[in-house]
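Remarks on the structure that follows.
Within every chain, numbering begins at 1; the chains are lettered A, B, ... in the order of the sequence lines, protein sequences first and strands thereafter. Just so it is clear, the structure is predicted and the values come from calculations on it, not from any experiment.
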Protein chains: 2
Amino acid sequence: MRVTLSDVAKQAGVGLSTASRALNRSGYVSEQLRKRVLQAAIALDYYPDMLAQQLASDRRRTITLFEVGNYGNVQSSQDLEWFFGPLHKALGRDIAEAGYELNIALQRSDEGHPAQVLARIRRSHGSAAIVLFIRSPLDARLVDELAQIDVPMVSINCPLERLGIPAINSDIRGAALKATQHLIDGGYSRIAHMQGPAHLPATELRIIGYEEAMAAAKMTPMMVEGDFDPDTGYSAMHKLLDVEQKPNAVFCANDSAAIGASRAIQERGLSVPDDIALVGFDDIPVSRFLFPSLSTVRQPQQRMGEATARAILDCLAGQTPPKELLIPCELIVRESSVPRPILS
Amino acid sequence: MRVTLSDVAKQAGVGLSTASRALNRSGYVSEQLRKRVLQAAIALDYYPDMLAQQLASDRRRTITLFEVGNYGNVQSSQDLEWFFGPLHKALGRDIAEAGYELNIALQRSDEGHPAQVLARIRRSHGSAAIVLFIRSPLDARLVDELAQIDVPMVSINCPLERLGIPAINSDIRGAALKATQHLIDGGYSRIAHMQGPAHLPATELRIIGYEEAMAAAKMTPMMVEGDFDPDTGYSAMHKLLDVEQKPNAVFCANDSAAIGASRAIQERGLSVPDDIALVGFDDIPVSRFLFPSLSTVRQPQQRMGEATARAILDCLAGQTPPKELLIPCELIVRESSVPRPILS
DNA sequence: TTGAAAGCGGTACCAG
DNA sequence: CTGGTACCGCTTTCAA
């Protein structure tokens with residue numbers, strides 16, 4: 001059977017509430033009794049029931065990270081875990097230091113509506129605060145639900161500022177601009193952009209950055225629709241190669257797509273970067289080891305996690321965190337976007 | 001304020017227990033009252049508190065998937081989410097159909113001891129059953145804790161059979177054998193194996209399969225230690241290229257490592273597969289699009305998820321699932337392991 | 001300081 | 001069929 005607190009209390013020969021206080025280091029308990037209780041707890045291998053604890057205390061001790069996206073989708077999730085890892089780690093660590101627990105609520109965008117899940121979280125006792133990481137289109141229903149929520153929220157990389165939710169954003173637009181500019185500086189004359197999945201903020205921001213750079217250079221934008229996976233990158237690149245004025249450089253929505261694109265290019269007997277330069281996005285672990293190695297943009301996951309933790313803890317402490325934090329991404333130039341010297 | 005069941009009952013003008021029954025479709029409630037209760041619930045935007053529900057019912061309704069591994073590690077997690085996705089999906093779906101909820105407990109092997117986390121899960125009200133997916137060395141402490149657990153357990157790809165825990169395994173050994181045999185059949189004379197991380201069952205099984213195939217062909221095994229990430233694959237390959245009798249084919253522990261290896265080979269001015277053939281493991285999404293595309297082994301994640309769900313539900317129904325299920329992997333032959341015809 | 005008792009939000013048994 | 005009531009395991013007043 002389950003060992004309960006009252007078992008411990010009985011064993012230690014003290015009252016229930018004393019046992020509770022002793023274990024929680026709250027309120028007054030004499031050293032003597034505390035020791036007895038602690039020993040009893042160990043002897044009985046007692047472990048508190050978090051459910052009961054939370055239900056009784058109403059002291060929400062967990063912070064929910066609400067992630068929606070096509071988590072688990074073979075097509076495009078390759079970089080997902082990779083992206084989340086450092087963020088989870090940093091966020092979880094900082095939050096734990098403040099005495100909270102990180103609860104990760106994954107929500108696949110293809111099963112059920114995010115708003116429903118949020119509704120559930122909203123009512124559940126568990127959440128002191130919610131971190132939103134929504135990688136799907138924001139519809140009215142979702143926004144509606146968000147407005148109902150009364151615990152502090154912080155959003156990561158999704159445009160929720162208008163709801164007054166503090167935002168932690170990586171500067172995707174700026175990174176897209178930098179990446180495109182890098183291609184422009186490299187002397188490429190026809191630079192295309194292979195877009196990410198439609199209707200995603202992450203996609204839009206890349207497009208905007210790309211367009212800004214192109215406009216500033218008075219160059220004509222050229223785009224294909226795409227996705228975050230290599231399959232789509234492959235076919236999108238083939239489309240790009242079929243047009244009359246082939247691009248000689250492509251800024252891809254992410255590394256996976258770029259890898260697909262690279263294959264398409266080489267299948268046509270063309271070379272990266274001699275015929276077509278490539279820049280990806282994300283710096284997934286293999287990118288550095290491709291041949292040619294892939295130029296890309298590295299997002300500051302760890303700093304984002306830390307910033308998120310700070311913002312959430314600020315909220316919880318009753319302070320107002322900055323409305324928006326824009327954390328720069330790093331452009332990583334590798335072989336795929338640097339013209340090779342002509343060997344004589 | 002929180003809307004509770006008693007608010008709903010009051011609003012509907014019925015007793016608390018009636019309201020509970022109406023909402024749960026359990027026990028007898030007249031259609032009339034049920035409608036009233038349902039309407040009241042909707043009107044008040046009532047949502048049940050899962051904590052209280054579980055605490056009161058003691059009817060464990062969630063199945064915990066306990067995963068330990070270096071989840072979140074930038075170095076080697078690329079394939080992790082990709083691997084888990086389909087498994088989660090299949091498992092979650094089948095379990096949901098039976099009225100359970102899947103609770104995913106991620107446990108990084110580098111933070112805290114798995115046994116501690118298990119101890120917590122053990123006592124928590126939430127778990128009707130536990131699925132173990134342990135990708136770290138099994139030490140005494142962990143085995144000890146496992147033995148204490150009294151809810152049904154099923155293990156995925158970890159050697160826990162001796163504890164009497166039903167196992168769902170993908171046939172890694174068999175796949176390694178097939179992969180090596182494929183290289184042997186291809187006429188490669190010096191076939192090496194680049195190992196996975198030390199002390200992991202997954203690593204051992206690959207080694208065993210490799211050795212079996214080599215022994216059957218009376219060839220001399222040749223191994224380097226490695227890991228699951230491209231960095232290590234890269235340096236391990238360089239080591240392999242430094243020995244006198246260079247291999248002309250390498251079976252790598254996974255695709256990421258193979259990609260690192262491929263880079264090392266090409267940096268030496270050698271070609272894949274003409275000078276050295278490569279076979280990976282996992283079939284991560286980009287593998288098909290590499291140049292040359294990577295031969296690899298695809299694990300049956302979806303079937304594993306389904307089999308796991310079946311086993312767990314069997315346990316829960318009081319039946320005894322098979323002690324061990326071995327699900328075959330699929331060898332996928334691509335360019336990296338097929339000698340190209342000499343063009344004349 | 002300590003412990004008895006009143007919940008937290010539900011579920012389930014039992015008498016009506 | 002229905003509603004009162006005793007818990008689930010723990011926290012938290014509030015007397016003692």
Side-chain angles (χ1 to χ4, degrees), chain A residues 1-38 40-41 44-62 99 101 120-128, chain B residues 1-38 40-41 44-62 99 101 120-128:
Chain A
M1 240 343 260
R2 159 172 286 278
V3 180
T4 74
L5 182 57
S6 78
D7 294 325
V8 175
K10 223 169 290 169
Q11 168 92 1
V14 301
L16 190 62
S17 37
T18 306
S20 172
R21 263 170 285 154
L23 261 12
N24 294 313
R25 305 147 194 285
S26 71
Y28 297 102
V29 187
S30 64
E31 262 316 302
Q32 209 191 29
L33 284 195
R34 129 164 297 150
K35 286 231 160 99
R36 286 235 301 275
V37 173
L38 255 41
L44 294 176
D45 192 30
Y46 167 76
Y47 202 89
D49 183 333
M50 284 182 44
L51 264 74
Q53 228 165 304
Q54 291 195 130
L55 181 58
S57 66
D58 192 48
R59 183 183 45 188
R60 296 148 156 75
R61 276 256 146 272
T62 106
E101 189 178 321
R120 233 163 95 182
I121 294 179
R122 167 152 69 101
R123 271 45 153 278
S124 90
H125 256 101
S127 271
Chain B
M1 237 344 262
R2 158 172 287 277
V3 181
T4 73
L5 183 57
S6 76
D7 294 325
V8 175
K10 223 169 290 170
Q11 168 92 1
V14 301
L16 189 63
S17 36
T18 307
S20 172
R21 263 171 285 151
L23 261 13
N24 295 310
R25 303 147 193 285
S26 70
Y28 297 102
V29 187
S30 66
E31 263 317 302
Q32 211 193 28
L33 284 194
R34 127 164 300 150
K35 284 227 161 105
R36 285 235 303 274
V37 173
L38 253 42
L44 293 176
D45 193 28
Y46 167 77
Y47 202 90
D49 182 332
M50 284 181 46
L51 263 73
Q53 231 166 309
Q54 291 195 129
L55 181 58
S57 66
D58 191 50
R59 185 182 45 188
R60 297 150 155 74
R61 275 253 146 278
T62 106
E101 190 178 321
R120 232 163 96 182
I121 294 179
R122 169 153 68 102
R123 272 47 153 274
S124 88
H125 256 100
S127 272

(request) For the side chain of Thr4(A), starting at C-beta, report the closest nucleotide among dT2(D), dG9(D), dT11(C). (result) dG9(D)
(request) May I have the distance from Leu44(B) (atom CG) to dG9(C) (atom C1'), rounded to whole angstrom? (result) 15 Å
(request) Classify the nucleic acid contact of Thr18(B) as base, sugar-phosphate or nothing, counting any heavy atom under 4.0 Å across all strands shown. (result) base
(message) Between the base of dG10(C) and the side chain of Arg21(B), is one N or O donor paired with an acceptor at under 3.5 angstrom?
(response) no
(message) Just N and O in the side chain of Tyr28(B): are any of them under 4.0 Å from OP1 or OP2 of dA12(C)?
(response) no
(message) Any non-hydrogen side-chain atom of Val29(A) less than 4.5 Å from a side-chain atom of Val37(A)?
(response) no
(message) Please confirm whether the shortest side-chain N or O distance from Ser17(B) to OP1 or OP2 of dG4(D) is below 4.0 Å.
(response) no
(message) Between P on dG3(D) and CZ on Arg36(B), what's the gap in Å once rounded to a whole number?
(response) 9 Å
(message) Please determine whether a side-chain nitrogen or oxygen atom of Ser20(A) lies at a distance below 4.0 Å from atom OP1 or OP2 of dT11(D).
(response) yes
(message) Expressed as a whole number of angstroms, how long is the span from Gln54(B):CD to dT11(C):P?
(response) 11 Å
(message) Let me confirm one number: the CG-CG distance from Asp45(B) to Asp7(B), rounded to the nearest 0.5 Å.
(response) 12.0 Å
(message) Checking contacts here: which listed nucleotide (dT2(C), dC8(D), dG3(D)) is nearest the side-chain heavy atoms of Leu33(A)?
(response) dT2(C)
(request) Mind checking the CD-OG spacing from Gln53(A) to Ser20(A)? Nearest 0.5 Å is all I need. (result) 8.0 Å
(message) Distance check needed: dC8(C) C1' versus Gln53(B) CD, whole Å only.
(response) 14 Å
(request) Take the protein atom OH of Tyr47(B) and the nucleotide atom P of dG10(C), then report the distance between them rounded to whole Å. (result) 12 Å
(message) Could you tell me how far apart Leu5(B) (CG) and dG7(C) (C1') are, to the nearest whole angstrom?
(response) 16 Å
(request) Calculate the interatomic distance between Asp7(B) atom CG and dC8(C) atom P; express it in whole Å. (result) 11 Å
(request) May I ask you to test the Leu16(A)-Val8(A) pair for a side-chain heavy-atom distance under 4.5 Å? (result) no
(request) Starting at atom CG of Leu55(B), determine the distance to atom C1' of dA6(D), rounded to an integer number of angstrom. (result) 14 Å
(message) To the closest 0.5 Å, what do you measure between CG (Leu33(A)) and CZ (Arg21(A))?
(response) 9.5 Å
